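For reference, the structure is listed below as structure tokens.
Numbers here simply count residues along the sequence, with the first being 1. Atoms within a ligand are numbered from 1 in the order they appear, just like the ligands themselves. Here the structure is a predicted model, which is why all the values come from computation and not from measurement.
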Amino acid sequence: MREIRPNLYAVGAIDWDRRLFDELIPLPEGTTYNAYIVEGSDKVALLDTVDPTKSDVLMDNLTSLGFDDIDYIVSHHAEQDHSGSIPDILMLYPQAKVVTNTKCKAMLIDLLQVEEDRFLTIADGQTLSLGDKTLQFFDIPWVHWPETMCTYLQEDRVLFPCDFFGSHLATSRLFVEDEPLVYEAAKRYYAEIMMPFRSAIKKNMEKIGKLTIDMIAPSHGPVYDKPEFILNAYRDWVGDAVKNEVVLAYISMHDSTRLMVEHLSDALIERGITVRQFNLVATDLGKLAIALVDAATIVLGSPTVLTGAHPKTAYAALVANALRPKTRFASIIGSFGWGGKMVEQLTGLLANLRVEVIEPVIARGQPKDEDFAALDKLADQILAKHKQIGIA
Ligand code: FEO
């Protein structure tokens, strides 16, 4: 338990050891599940809880504050890393009401079997007085789920946006101190969690942009006591501008695709284009996601296996397709022995991306002079496309 401001406390938990979220997303730096207590002159509110694996930490922190009762548990988001301890807290504080919107209420009933009479349902923009402190609630749908909302503590001008602006970063620091470290963690978080909802995020940024915000206290990672740091980063990430960069993600089984990747990579570098190359044999998915936040072009490289793409390249395509980056162009390079549908399969897997596909380069067996010439032409085309949109 730590005091952020007078009568505002951080009571969440640090999860130093967690290495995977949703059994999919790597967490190389662990994470935190932030929960906050706002103590008003009349009432006390707990904003979010923690992952159920850390319920004991939250309950110890609350007990150490010595409140006989907590009046409100504000639930911003039904995902269990924030809501999972609500049943334990409701048992500890039998008078407490869960404050949330109607969508989140329905989800908490479905996911955690919270009883109907434990809720106080609020609407977008509604306020709740704690005496000398006032909570105002705003719906921020799709950041991260459709029910997500945030709280603005009016007197202190603190925004509690739950997942929005968060970072998976286990740290004992309450506030952002090492900005480059937090920037990388927040960008990873944006790429993995937020990027699919880019247009919703833009709208929600406009909505919260009307508030005067002195501090942003998210539900993962450190608190931003200089909010412009993360607001500027988000403006950049959700904006439509892309960078003169190519993400080159590939698998090679017998070196044919690798030789093509290396040739294309050199050709792009010679043309002044930044290359972010990922051998998918052992790639941190988060690093690939981060690279996709800004890159103008993605090129997938794959051999042909059992008539299709190598499953690891197909997996990368599936992930990129789900993350919906603002990438503008795509192509495919690779090889085959006797035939197959590798190109059609990978193109189909990228269907969500609004990309212009530049003609793929596929070699029969080892790449030969004409294949290398085709890769040079592909590099020329990528450069021309980047020039066309004014980034090269
Ligand atoms: Fe941190 Fe969408 O939960």
Non-hydrogen side-chain atoms of [X] and [Y] separated by less than 4.5 Å:
X: Q126; Y: Q136; result: no
X: D163; Y: H82; result: yes
X: P222; Y: F175; result: no

Residues R235 and E228 bridged, charged N to O under 4.0 Å:
yes
Any salt bridge between D240 and R198, counting N to O under 4.0 Å?
yes
Nearest N/O/S atom of H220 with respect to atom 1 (Fe) of ligand 1, by atom name, please.
NE2
Please report the number of protein N, O or S atoms that lie less than 2.8 Å from atom 2 (Fe) of ligand 1.
4
Those residues that, when tested against F21, pass ring pair (Phe, Tyr, Trp, His ring centres under 6.0 Å) (two or more places apart)
H168
